[in-house]
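Lettering of chains follows the sequences in order, A, B, ..., and the numbering in each one begins at 1.
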2 protein chains.
Amino acid sequence: MFGASTRLGPVSPAAVTVDLVILTVREETLHVLLVERGNEPYRGLPALPGGYVRDGETLDAAAARELEEETGLAAHRLHLEQLRAYGEPGRDPRGRIFTVAYLALGPELPVPSAGTDARAALWSPVGPYLDGTDELAFDHGMILRDALERARSQLEYTTVAAAFCAEPFTVADLRRVYEVVWDVPLDPSNFRRKVTKAERFLVPTGDRRMLDAGRPAALYRRGDARLLSPPLLRGA
Amino acid sequence: MFGASTRLGPVSPAAVTVDLVILTVREETLHVLLVERGNEPYRGLPALPGGYVRDGETLDAAAARELEEETGLAAHRLHLEQLRAYGEPGRDPRGRIFTVAYLALGPELPVPSAGTDARAALWSPVGPYLDGTDELAFDHGMILRDALERARSQLEYTTVAAAFCAEPFTVADLRRVYEVVWDVPLDPSNFRRKVTKAERFLVPTGDRRMLDAGRPAALYRRGDARLLSPPLLRGA
DNA sequence: TCAAAAGTGTTTTCAGTACACCCATGC
DNA sequence: GCATGGGTGTACTGAAAACACTTTTGA
C-alpha cells in the first residue's frame, strides 16, 4: 500500500483525526465546547474535542460520533459540516497526525456532565482564545479562528443561524444570534423583514411566546431552505 | 504513536495524499488539468493530478510541489487554496487513503509536455465530467464538482478571477472569465464599472492592447486586494 | 464610411437603512 | 397609565440593470 514511497519520496503512514469546533450562544456570548487535556502533550490545557477516525468510518461519521460522545446530543440535531484539513508536520509532537476540523452549531446545550465518556468538557467564551489571552493545545487556536470566520460568513449566505436556536424560537432569538456572532447591532424591524421574506427560512408555528414584558412574539421553526436568498450582508 | 487505538477503537495507519483541481479558461471554455492513470486501479481513466504528502511536508507545500511537477509552472504564480478533505473508506481500493483536495486557478498555461515528470497531462473541458458524460477515477468527479462550485462562489466575493488572466489583461478578458465560469452573459458596461470601482482589484498599466477590430483596450495588472467589496453577485 | 469593440451617461428599479409609529402584554 | 419588547409603514438613499450613446481603432 505504501510501496509508492520509493518512487514518490519518503512517505510514512500517518494518523488522521477529527476535531470539532462546537459553537453555541449562551448569555449573549459565543461559546465553544472545550475539553481539558489529561495527558501529555499540552496536559492541562484546553483543547477541541476530537479523536481518531476509525477503520471503515467516514470523516463525517467520525465527526458525528465524537460530537455525540462529547455532548451527549444526537448529531442530526446540530448543524455539522467539514471546515478543512490541518497537517503541519509539527502540529502534534507525537508524530505525523493530520486532522480534519468540523464546525458544529447548536442551541444552548446541556453542559456535558463528567463521568460519561466526556472528559471534563465545558463551554467557554471564545473571546480569550481569539485575542490571544488564553491558549489552546496544538494548533486549535488557529482552527477555532478559522471556524469562527467560517461561521460568520455562513450566516450571510445560509440559514445556519437558525441552528443556534432551540425550537421553537422567535425572530428576536435569531437576531441575537447574528448580533453575537457578528458582534454588531442590527435594526430589529429591518432584520425581521428580511428573514421573514426569505423563502422557507422560517416556518411559523402559530404560537406565541410571552416574556416578562412586551408584546408576545410569534414562534417559528427552521424551514428547509439551506441557502439564504437574498443574502443577509454584514455592514460593508 | 498509534497506541491510542486500543482505547479509541480500531485505528490503523493511513496514507494522506493531495489532489489538485487545476482550472483555466481556454477558448471560452473552462478546462481542468487531468492525467491518465497508467496503473490499476482505474487504469486508463483520467484522474486529477496528485500524490502522497511526504514526511515533514506541509499540505500546502505538497500541493505546490505537485502543481509544479504537473504543470511545470511555479506555484506562486497561480492561486492555490485548500478545498476540503475526502476520506470515504472505499474511495481507494488499495486501502485507507485520505486526500486533501486543492483548487488552483491560472491563466491559459502551456500544455505540460510528456517526457517530464508529468504523465500525459492534458487540459480537458470540464463539461463532460460535470454532467456525467465522462468518468473520472476514484471520487475525483465529486471533487471536481465541489471545486467548481467553490470557484464559482469565490468569484463573487474575492478577486481570484484575475488569477485566470495572464498579465497584462483587459477588462473584457476578466469579464470573459466570469461569463465562462458562471455560464451567464454579463453587461460589459456595468461589469466595467464594478470592477474598476472596486479598490485595489485592478491596477492600470497605462498601456493599451489593440485587436483586429475595435478601440484599443486599457491594460491592467492584478491589484493586492483579495476580497472584493462590494461583491459581484450572480443573478439571483 | 462602416464594423467592431471600448468606454461613458442616463434612466429606472429595487433593495437596504433609518426611524416614526402602532400593538399587546405585565405591572 | 406606563414600560417593554414585538411588529408595521414609509421616506430616503445608493447600488444594480438596461440600454442609448460616444470613442477609437482597422479595413
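- Between the P atom of D:dA16 and the CG atom of B:Leu233 lies a distance of 8 Å, rounded to the nearest Å.
- Between B:Phe138 and B:His140, the ring-plane angle classifies as tilted under the 30° and 60° cut-offs.
- Residue A:Lys197 has no polar side-chain atom (N or O) positioned under 4.0 Å from OP1 or OP2 of C:dA15.
- In this structure, CD1 in B:Ile22 is found 7.5 Å from CG in B:Leu78, a value given to the nearest 0.5 Å.
- At a cut-off of 3.5 angstrom, counting only N and O atoms as typed in the model, there is no donor on one side facing an acceptor on the other between the side-chain of B:Arg215 and the base of D:dG26.
- What separates CZ of A:Arg175 from P of D:dG6 is a distance of 6 Å, to the nearest Å.
- Residue-to-nucleotide proximity on DNA chain D shows that, of A:Ser189 and B:Asp187, the 5′-proximal contact is made by A:Ser189.
- The interatomic distance linking B:Arg192 (CZ) with D:dA16 (P) rounds to 16 Å, in whole Å.
- Taking atom CG of residue B:Leu228 and atom C1' of nucleotide D:dA15, one finds them 14 Å apart after rounding to whole Å.
- In this structure, B:Lys194 atom NZ and D:dA17 atom C1' are separated by 8 Å, rounded to whole Å.
- Positionally, the nearest nucleotide of DNA chain C for B:Pro188 lies more toward the 5' end than for the other of B:Pro188 and A:Pro230.
- Atom CG in A:Asn190 sits about 17 Å away from atom P in C:dC21, given to the nearest Å.
- Taking the side chain of A:Arg193 as heavy atoms from C-beta on, and the options C:dA18, D:dG6, C:dA6, the nearest nucleotide is C:dA18.
- As rounded to whole Å, 13 Å separates atom P of D:dA16 from atom CG of B:Leu186.
- Picking from C:dA4, D:dT24, D:dA16 the nucleotide with the shortest atom distance to the side chain of B:Pro216 gives D:dT24.
- Under the 4.0 Å criterion applied to side-chain N and carboxylate O atoms, B:Asp207 and B:Arg221 are not assigned as salt-bridge partners.
- For the OP1/OP2 pair of C:dA5 and a distance below 4.0 Å, the side-chain nitrogens and oxygens of B:Arg208 include no atom meeting the criterion.
- Separating the CZ atom of B:Phe191 from the P atom of C:dG9 is a distance of 19 Å, rounded to the nearest angstrom.
- Between B:Arg209 and B:Asp173 there is a salt bridge, since at least one side-chain N of the basic residue sits less than 4.0 Å from a carboxylate O of the acidic one.
- A:Arg209 comes within contact range of no nucleotide atom at all, as no heavy-atom separation falls under 4.0 Å.
- Residue B:Glu149 places its CD atom among more than 12 non-hydrogen atoms of other residues, nucleotides or ligands, all under 6.0 Å distant.
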